[in-house]
Structure formats: structure tokens, C-alpha cells
Amino acid sequence: MVELVGAGGIGKPRTSHIEAVDPLTVTDMMEQLQQGYMASVAATAGCTMELISKDKWGVDAQLIRPPQTALGQETMVFAQLKCTTQTVPDPTKDFFSYQFSKRQYFDHMVKDRSYPKAILIVMTAPPRQAEWTQVTHDGLWTRRCCYWAHLEGVEANSNVKKPTVRIPTKNIMDARALVSILDKIDRGESLNG
């Protein structure tokens, strides 16, 4: 279950604490890092990730699983992608907090949807950009990871401009999690169960 937590105020710019390769492009690079992570997870799960070029509905990508039979239909979930360097989730805790930078992003995630459903995917990355990835002979390692939450039905006071939600630390976004989410959608089950 995802919970709403306290209201957020105006603080320091979101990138002022980042040791960036180029401060003018760091937010674009955070987006690119998360897209690469999610494309890799989708590929491992046998799915595709299709980026949505116009952010009209508060979603950045569609994660699509092909049909299991020639006459079957594909299964899809919308995803809003957010990347932050401002938190390090503690796996011994049940959740970490994520604050939306705009109310509209929250509103798009909490509205009732029949199909496709929508999930929030929050990636946490180190504040030092040069540490985002590491390469060894065993592979390319991405520092930290993505977590997901299904926020449908969560409420926040209408005066809160930047709602904060709790993201379960057990909800690591990997291929197994993506397959489970799509299986639940196929069966018409709640994504929070």
C-alpha cells in the first residue's frame, strides 16, 4: 500500500547538490539513465518499452508484453518515470518518501483508470554523476535502482502543491516485478495486492 505523507514546500533547486559532468544537461542525463534501466528490464522480461513523446497524460512510457497466442492481445501498463539523487532508500525500512515536483504529476498517477493502469517508477541515483554506472568484465552495473508504486486512489489535500508519497522498498523494479504487474493486469487484480 502506498501512503501519502506530509506537504512539501519550496526548497533548494533539485540539482544543486549533484556533482555533474555538465550541469546544463544533468536532468536530461538522469532521464536517459532511467530510460536505459527500464529498457533493459523490459527486454529481460520479454517486453518492449515505448517512450511517449508528448507528456499530456502524465506518463512517459508504455511497457508492453506481446500476446501469448496469435489471437491474444498484448498487455500494457503506463509508467511515469522519475529519477532522484536526493534519497538513498534503506532496504531495512518499509518505504522511502518521494516528493513530486508538480501537483499535476501526482494527479495523473492517482486517478482511476480502467485500462491501461499506470505506475510510478522512481529511480534513485548517486549525486555524483560519474558513479551512475560501473563496467567490469562481468557486465555494466547501474548504481542504485528503480522502485515502483501504484498510486490509484491515493488522496492529497488540494492545497498541497507538491505531494509526497511513500514508495515500498520491497517494490524493486526488475523483470520479475514487471511480469508480475502485467500478470495481475491480465487477471484483473489489484496492483497493490
Side-chain angles (χ1 to χ4, degrees), residues 1-18 20 23-39 41-42 49-64 76-89 95-127 132 144-173 177-178 181-182 185 190-192:
M1 177 86 190
V2 177
E3 299 176 42
L4 182 72
V5 294
I10 297 174
K12 63 182 178 181
R14 290 185 168 255
T15 59
S16 65
H17 68 287
I18 297 176
L24 297 177
T25 64
V26 69
T27 54
D28 289 336
M29 298 305 101
M30 290 170 71
E31 185 176 310
Q32 185 171 297
L33 177 71
Q34 186 177 23
Q35 289 172 358
Y37 178 107
M38 285 308 304
V41 165
M49 182 179 86
E50 308 291 332
L51 295 177
I52 297 173
S53 61
K54 294 191 182 351
D55 188 2
K56 278 186 80 135
W57 300 281
V59 292
D60 301 302
Q62 302 172 86
L63 299 163
I64 306 166
M76 179 177 68
V77 65
F78 281 150
Q80 186 179 106
L81 305 176
K82 299 296 180 190
C83 186
T84 181
T85 58
Q86 296 186 351
T87 188
V88 180
F95 64 87
F96 68 94
S97 295
Y98 175 77
Q99 183 179 38
F100 287 91
S101 60
K102 295 181 182 177
R103 175 67 190 226
Q104 70 190 41
Y105 298 146
F106 170 82
D107 289 342
H108 284 303
M109 287 290 96
V110 301
K111 64 185 168 188
D112 289 332
R113 295 177 186 265
S114 54
Y115 184 83
K117 294 295 186 181
I119 57 175
L120 171 66
I121 300 175
V122 177
M123 181 171 201
T124 65
W132 288 356
R144 308 234 184 102
C145 67
C146 289
Y147 301 83
W148 69 274
H150 181 241
L151 301 177
E152 189 173 306
V154 173
E155 295 181 3
N157 184 303
S158 60
N159 295 329
V160 177
K161 301 218 182 303
K162 298 178 180 182
T164 299
V165 293
R166 292 179 174 174
I167 310 294
T169 53
K170 68 179 182 177
N171 286 2
I172 291 175
M173 178 49 82
L178 179 55
I181 289 166
L182 295 172
I185 290 172
S190 170
L191 297 182
N192 288 328

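Any value given below was found using the heavy atoms of this structure, including those in side chains, with hydrogens, waters and symmetry copies removed.
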- Decide, yes or no, whether a salt bridge links E152 with R113 under the criterion of side-chain N to carboxylate O below 4.0 Å.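 A salt bridge is absent here (no side-chain N lies under 4.0 Å from a carboxylate O).
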- Identify, with sequence neighbours excluded, every residue that meets side chain to side chain donor-acceptor pair (under 3.5 Å) alongside K82. none
- Message: Checking E31 now: which residues fulfil side chain to side chain donor-acceptor pair (under 3.5 Å) with it, not counting sequence neighbours?
- Response: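 Here the qualifying residues are Q35.
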- Got a sec: does the CD of Q104 have more than 12 other heavy atoms crowding it under 6.0 Å?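 Result for CD/Q104: enclosed.
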Rounded distance [0.5 Å steps], [atom1] in [X] versus [atom2] in [Y]:
| X | Y | atom1 | atom2 | answer |
| --- | --- | --- | --- | --- |
| D60 | F78 | CG | CZ | 11.0 Å |
| M76 | I64 | CE | CD1 | 6.0 Å |
| I167 | I121 | CD1 | CD1 | 10.5 Å |
| L81 | L51 | CG | CG | 7.5 Å |
| Q32 | C83 | CD | SG | 11.5 Å |
| C146 | N171 | SG | CG | 12.5 Å |

Looking only at non-hydrogen atoms, find the nearest pair between [X] and [Y] and report the distance.
| X | Y | result |
| --- | --- | --- |
| S97 | T164 | CB-CG2, 3.8 Å |
| W148 | L191 | CH2-O, 3.3 Å |
| L63 | A42 | CD2-CB, 4.2 Å |
| A125 | L33 | CB-CD2, 4.1 Å |
| T169 | I172 | O-CG1, 3.8 Å |

For the pair [X] (side chain) and [Y] (backbone), establish whether a donor and an acceptor sit closer than 3.5 Å, ignoring hydrogens and angles.
| X | Y | answer |
| --- | --- | --- |
| R103 | P163 | no |
| H108 | W57 | yes |
| Q80 | Y105 | yes |

- Query: Should I18 and M30 count as side-chain neighbours, where that means a heavy-atom distance under 4.5 Å?
  - Reply: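 Yes, close enough: below the 4.5 Å cut-off.
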- Query: Would you call M173 and C145 a side-chain contact if the rule is heavy atoms closer than 4.5 Å?
  - Reply: no
- Message: What verdict does the side-chain contact (heavy atoms from CB on, under 4.5 Å) test give for T124 and V88, after you've listed the backbone C-alpha separation in whole Å, the side-chain angles of each residue and the deciding distance to 0.1 Å?
- Response: CA-CA 7 Å; T124 65; V88 180; over 6 Å; no
- Task: Verify whether the ring centers belonging to F106 and F100 lie closer than 6.0 Å.
- Result: yes
- Item | Partners meeting ring pair (Phe, Tyr, Trp, His ring centres under 6.0 Å) with Y147 (sequence neighbours left out) |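 So Y147 forms a ring pair (Phe, Tyr, Trp, His ring centres under 6.0 Å) with F96.
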- Task: Carefully, step by step, assess M109 and V59 under the rule side-chain contact (heavy atoms from CB on, under 4.5 Å).
- Result: CA-CA 8 Å; M109 287 290 96; V59 292; 4.0 Å; yes
